[in-house]
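Have a look at the structure below before the remarks.
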Amino acid sequence: MSGEPQRTLLLWCPDWPVLAAEIVDGVPATDPVVVLHANRVIACSERARAEGIRRGLRRREAQGRCPHLTVVDHDPGRDVRAFEPVVAAVEEVVAGVEVIRPGACATAARGPSRYLGGEEAAAERIVEHVAQSCAVESQAGIADGVFAAGLAAREGRIVAPGGTREFLAARPVEALGRPALADLLRRLGVRTLGDFAALPAGDVLARFGFDGALAHRLAGGRDDRPLAVRQPPADLTVTADYDEPVDRVDAAAFAARMLAERLHERLAGYGLACTRLGIEAVTAHGQELHRVWRHDGLLTAAAIADRVRWQLDGWLSGSNGRGGTRPARPTAGIVRLRLVPDGVLAQAGLQPGLWGETGEERERAHRALSRVQGILGPEAVVTAVLGGGRSPADQVRLVPWGDERVPARPGPPPLPPASPAAAPPVPAGSVSGVTPSRPAAGAARGAASAPVVVPPGGRAGRRAGRGRAVAEPPWPGRIPPPSPAVVLPAPLPADVRDAAGEPVVVSARLTISAAPARLIVGDGRPAEITGWAGPWPVDERWWAPAEARRRARFQVSLADGAALLLAVEGGRWLVEAIYD
């Protein structure tokens, strides 16, 4: 905790949640408007206060006092987004601003008061600049400490140095912003901050705990911490303007090398390194081009120059490799080139590997793939990332080369199979019913059954494996490992018949009409089914009728040795994937 409180200037925007709703959502703040959180009013407009609405009222009571009331839900993200331009406007006048909460920000008063001609002149200058830049009304207050400055800002008051304790003494205990503590203090006969500050600090800590001790310091005019101002980021962008438009690749490569060296020197001056680089170009006809490059390690001056040269080559030549549609070439040469270090970190944060730097083979492959991306676009080179999901198609996500390999869905490690014989592809002659404890009617004698995943609450999940614990899978309905080798981009229609030639039907209770015997894929010839396992039911988004999907999957092995993953949905059979 700090000792003497710092002289603080705090800017406060009244009824900020209401004003943020007007800025972002267009709700008129001049009308009676309330912002609700947990069915209670947390902010209201001036017109709403004139109708008798106050903070803390329930929704029904507030609408009873004002029937034509406009109700807005509380959105902290909206409040923060709308307040960012206000903070930026304050930073144009003073340096080092701390955001207390959406609608209030603070800065040290000493610096602005010295170069703006006093504390009152500094407060007026900031309030006027915010009004002109953002069209937002605000009030400023100056006192010793952030807490006292916040109370002074509500009155637009400047508390004289050393007079903060007297300024706070007459305030009610509700000014602490702790309703439970204020209610308890009132029942104990402590009604003002001066009465609370007069209590011994040790007794307050013993009776009210750590939070009560912090409130006791605030009541006495002492802050619990100093200002934590944010520093404006350094402008690391480098720009080059050309009198003659650059329309040749060799001239562009020379310009790229000069600009890359300037960027690298500027980053080195701040002790930073670049891992993600933005390349922007403007043509003589005003066309704007932009691309972002990512790199695993540090981007040296040569690496930056290479990427800029490759990108300019791709833009100016309009090449699309072999086949395909050639991208549109710029209609004029480049007159402005900018390099924006989009991802920077401290240069000491990256260390070489245990056995030295990355090998030349990996670096050459990375350079080649990055150059292909520069010519064809970032989506031209993709890598697969495994994640979670119920179907094989959901478990694979394709990300551009160089991007973060983060799964789209959480995917814990797959469950181990119940036995070595249970892992697909399904052995010849294996048949499984709905539960793993008993095969379905018509099962081949002595066949091994694959593990069956049942949604939580199903009977099989509770009865399977008596006397041993069965781990609940993270994705109910997911097929057991291993995953199929080939996932078809579009499922193929299929027809499954029983031994008598009748279509195999799966009922709503996951009961099959007969054992599958023959499979016809598309217009192909019938193939004999020698083994099958399933069904694995999946009932997704049942709460949204327009998006609901209910299907069941089967694993089948054919007489020619192939193994397929089938799905039946709406009475139609489909081939989803192929096992190796």
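We number each residue from 1, following the sequence as shown.
Remark: the backbone N or O of Gly111 is not paired with any side-chain donor or acceptor of Ser113 at under 3.5 angstrom. Using a distance-only test at 3.5 Å, with no hydrogens or angles considered, a donor-acceptor pair links the side chain of Gln139 to the main chain of Ala153. Judged by distance alone, the side chain of Arg55 and the main-chain N or O of Ile42 form a donor-acceptor pair under 3.5 Å. Asp495 contributes no side-chain N or O that, together with a main-chain N or O of Ile520, makes up a donor-acceptor pair within less than 3.5 Å. Distance alone, capped at 3.5 Å, places no donor-acceptor pair between the Asp25 side chain and the Val27 backbone. Put simply, the side chain of Ser133 never gets that close to the backbone of Val130: no donor and acceptor are under 3.5 Å apart.
There is no side-chain donor-acceptor pair under 3.5 Å between Trp401 and Gln373.
Heavy atoms only, all atoms of each residue included: Glu120 and Ile158 are closest at CA-CD1, 3.5 Å. Smallest separation of non-hydrogen atoms from Pro378 and Pro400: O-CB, 3.3 Å. Closest approach of Ala121 and Gly117 over heavy atoms only: CB-O, 3.8 Å. Taking both residues in full, the closest heavy atoms of His129 and Ala89 are given as CD2-O, 3.1 Å, listed atom of the first, atom of the second, then distance. Pairing each heavy atom of Val33 with each of Ala48, the nearest pair is O-CB, 3.7 Å. In terms of heavy-atom proximity, Arg291 sits nearest to Gly377 at NH2-CA, 4.1 Å.
Each of Val308, Thr237, Leu236 was checked for a side-chain contact (heavy atoms from CB on, under 4.5 Å) with Leu339, and the lone residue meeting it is Val308.
Val80 has its side chain out of reach of Arg78: every pair of non-hydrogen atoms, C-beta onward, lies at least 4.5 Å apart. Inter-residue side-chain proximity for Val35 and Asp73 is flagged as unmet; no heavy-atom pair is nearer than 4.5 Å. At a threshold of 4.5 Å between non-hydrogen side-chain atoms, the residues Trp573 and Leu492 do not count as touching. Using a 4.5 Å heavy-atom threshold, the side chains of Val41 and Leu36 count as touching. The shortest side-chain heavy-atom distance between Val575 and Leu565 does not fall under the 4.5 Å cut-off. Between Val18 and Ser45 there is a side-chain heavy-atom pair separated by less than 4.5 Å. At a threshold of 4.5 Å between non-hydrogen side-chain atoms, the residues Arg101 and Phe83 do not count as touching.
Thr283 OG1 to Trp315 CH2: the interatomic distance, rounded to the nearest 0.5 Å, is 11.0 Å. Taken to the nearest 0.5 Å, the CD atom of Glu84 stands 13.5 Å off from the CG atom of Asp79. Interatomic distance, Asp306 CG to Asp313 CG, rounded to the nearest 0.5 Å: 12.0 Å. Here CG of Leu566 is found 9.0 Å from CG of Leu574. Values are rounded to the nearest 0.5 Å. In this structure, the separation between SG on Cys134 and CD1 on Ile23 is 8.0 Å, given to the nearest 0.5 Å.
For the pair Arg276 and Trp293, the cation-pi criterion (under 6.0 Å, within 45° of the ring axis) is not fulfilled.
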- Query: Does the pair Arg550 and Glu569 meet the rule for a salt bridge (Lys or Arg N to Asp or Glu O under 4.0 Å), with working shown?
  - Reply: CA-CA 6 Å; Arg550 192 168 189 265; Glu569 180 178 358; over 6 Å; no
- Task: Could you walk me through whether Leu116 and Val93 pass the side-chain contact (heavy atoms from CB on, under 4.5 Å) test, one step at a time?
- Result: CA-CA 10 Å; Leu116 292 177; Val93 181; 4.1 Å; yes
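A perpendicular orientation is assigned to the rings of His74 and His37, their planes being inclined by more than 60° (bins at 30° and 60°).
Contact check on Arg7 versus Glu119 returns a salt bridge, with a Lys/Arg side-chain nitrogen under 4.0 Å from an Asp/Glu carboxylate oxygen. Look at Glu540 and Arg551 and you find a salt bridge, because one of the NZ, NE, NH1 or NH2 atoms lies within 4.0 Å of a carboxylate O, short of that distance. A salt bridge is defined here as a Lys NZ or Arg NE, NH1 or NH2 lying under 4.0 Å from an Asp or Glu carboxylate O, and Asp15 with Arg49 meets this definition.
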